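Values reported hereafter were calculated over all heavy atoms of this structure, with side chains retained and with hydrogens, waters and symmetry mates removed. The model shown is predicted, which means the values in this text are computed figures rather than measured ones.
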Amino acid sequence: MFYHQATFLTSCAKLDQLPSDTGYEVAFAGRSNAGKSSALNRITRQKSLAKTSKTPGRTQLINLFTLDDQRRLVDLPGYGYAKVPLVVKQRWQKTLADYLLQRQCLRGLIVLMDIRHPLQPLDTNMISWANTHGLPTHILLTKMDKLKRGPAMNALQKVQQYVNHDFDQVSTQLFSAVTGQGLEQVYAVLDTWMMMIKKNPGDIHQG
Ligand SMILES: Nc1nc2c(ncn2[C@@H]2O[C@H](COP(=O)(O)OP(=O)(O)OP(=O)(O)O)[C@@H](O)[C@H]2O)c(=O)[nH]1
Ligand SMILES: [Mg+2]
């Protein structure tokens, strides 16, 4: 399985520390505690590739993971963590914005939102900003295991209505890092953005 071969590449506090801007990157963004690192671990089927934590604000650096010599996944610092000093928050925001603006190899943005608290102001800012800049965006409503099927479907519908009304190039799905629900859909999106053309059906998604 292609995504299971991920390895940690590097952590960057500043953009000039990033690896060369070539190939394909897909970045994971969302509020602190939304489940970015957990999703990355599930997608790569590695327990602790990306550090997860009960303490919001754990991921403070841009963490990059190598898939192959052309392809990388990126864990971005979470936004909206109240307990961080303002100067630190502003510094992260600037780094985040600069990364999203400048990175030529960035092919798409995965925006993660806790299904129980979707579409908070910073989320809609991020989605809207990405849309304005023509960056393809895919939303994961995370922690779907915390809701029963009915409420989960309602939340999905609500978010879909919102994005379909306001934006192009934005798709939405349910996801759980705990149960793995929604994984196949995530792989399909990543495959498209990273130009993982399937030579034979089934080649890439085995295992
Ligand atoms: N039940 C459930 N809990 C989850 C899921 N995904 C993440 N969590 C929990 O939510 C908390 C935050 O998860 P992280 O993956 O560290 O969140 P993050 O978005 O990387 O947070 P920052 O690094 O602070 O920005 C942890 O306690 C995870 O165990 C999920 O799908 N289901
Ligand atoms: Mg994290």
Side-chain angles (χ1 to χ4, degrees), residues 3-4 6 25-65 73-84 92 96 100 108-131 135-164 167 169-194:
Y3 298 96
H4 295 173
E25 271 173 21
V26 173
F28 287 60
R31 298 178 64 84
S32 280
N33 216 44
K36 298 174 292 297
S37 301
S38 303
L40 275 160
N41 287 339
R42 186 75 202 211
I43 288 163
T44 59
R45 206 202 265 172
Q46 299 190 28
K47 279 208 176 68
S48 51
L49 185 76
K51 291 192 182 92
T52 62
S53 172
K54 288 202 168 33
T55 314
R58 183 67 182 75
T59 311
Q60 305 186 358
L61 299 164
I62 297 179
N63 292 308
L64 293 102
F65 309 100
L73 297 174
V74 181
D75 193 6
L76 293 172
Y79 45 79
Y81 176 45
K83 286 182 190 156
V84 174
W92 292 357
L96 194 67
L100 294 171
L109 184 68
I110 306 270
V111 173
L112 295 90
M113 302 188 285
D114 187 320
I115 190 165
R116 298 163 299 175
H117 323 282
L119 298 176
Q120 299 204 17
L122 289 171
D123 299 319
T124 53
N125 275 356
M126 173 61 84
I127 297 162
S128 157
W129 186 92
N131 201 252
L135 185 62
T137 301
H138 184 66
I139 297 171
L140 301 189
L141 295 178
T142 62
K143 313 189 190 183
M144 68 175 288
D145 57 281
K146 295 275 194 184
L147 293 185
K148 294 208 167 81
R149 190 180 148 78
M153 294 306 289
N154 283 344
L156 175 65
Q157 215 174 38
K158 191 179 135 201
V159 173
Q160 275 172 337
Q161 269 166 11
Y162 168 81
V163 298
N164 290 344
F167 307 114
Q169 289 199 75
V170 180
S171 46
T172 311
Q173 67 159 97
L174 300 174
F175 184 79
S176 168
V178 170
T179 64
Q181 281 167 289
L183 263 178
E184 286 305 315
Q185 264 178 285
V186 179
Y187 290 137
V189 170
L190 293 176
D191 281 357
T192 308
W193 287 348
M194 294 202 175

Correct closest heavy-atom pair for Ser176 and Asp145 would be OG-OD1, 2.7 Å
Any chance you could measure Asn33, atom CG, to Thr142, atom OG1, to the nearest 0.5 Å? 9.0 Å
For residues Trp193 and Ile110, determine if any side-chain heavy atom of one lies less than 4.5 Å from a side-chain heavy atom of the other. yes
Is it true that the side chains of Gln46 and Thr44 contain a donor and an acceptor less than 3.5 Å apart? no
Distance col, row Leu76:CG vs Trp92:CH2, nearest 0.5 angstrom, shows 12.0 Å
Nearest heavy-atom pair of Pro77 and Ile62: which atoms, and what distance? CD-CG1, 4.0 Å
If you take all heavy atoms of Gln169 and Pro136, which pair is closest and at what distance? OE1-CG, 3.4 Å
The reported gap from OG in Ser38 to CG in Asp75 (rounded to nearest 0.5 angstrom) is 9.5 Å
By side chain to side chain contact (heavy atoms under 4.5 Å, CB included), which residues pair with Leu156, not counting sequence neighbours? Leu141, Met153, Gln160, Thr172, Leu174
Using modelled atom types and a 3.5 Å cut-off, is there a donor and acceptor pairing between side-chain atoms of Lys36 and backbone atoms of Gly30? yes
Output for pair (Ile127 CD1, Phe167 CZ), nearest 0.5 Å, gives 6.5 Å
How far does CZ of Arg45 sit from CD1 of Ile43, to the nearest 0.5 angstrom? 13.0 Å
Would you confirm whether Asp123, through its side chain, and Gln120, through its main-chain N or O, come within 3.5 Å as a donor-acceptor pair? yes
Should Phe175 and Leu183 count as side-chain neighbours, where that means a heavy-atom distance under 4.5 Å? yes
Flag the pair Met126 / Thr137 as yes when at least one side-chain heavy-atom distance between them is below 4.5 Å, and no otherwise. no
Write down the atom of Ala39, the atom of Ala177, and the distance for their closest heavy-atom approach. N-CB, 4.1 Å
Of the non-hydrogen atoms in Ala130 and Leu109, which two are nearest, and what is the gap between them? CB-CD2, 4.0 Å
Pairwise side-chain contact, Leu40 with Asn63, heavy-atom cut-off 4.5 Å (strictly under): no
Of all heavy-atom pairs linking Ala155 and Ile115, the shortest is CB-CG1, 3.6 Å
For the atom pair CG (Leu119) and OG1 (Thr124), what is the distance rounded to the nearest 0.5 Å? 7.0 Å
Any donor-acceptor N/O pair, Arg31 side chain to Met113 backbone, under 3.5 Å: no
Under 30°, 30 to 60°, or over 60°: which ring-plane class applies to Tyr3 and Tyr187, parallel, tilted or perpendicular? parallel
Leu64 and Glu25, any side-chain heavy atoms less than 4.5 Å apart: yes
Do Val26 and Val189 touch side chain to side chain, with heavy atoms closer than 4.5 Å? no
Donor-acceptor check, side chain of Gln173 to backbone of Val186, threshold 3.5 angstrom: yes or no? yes
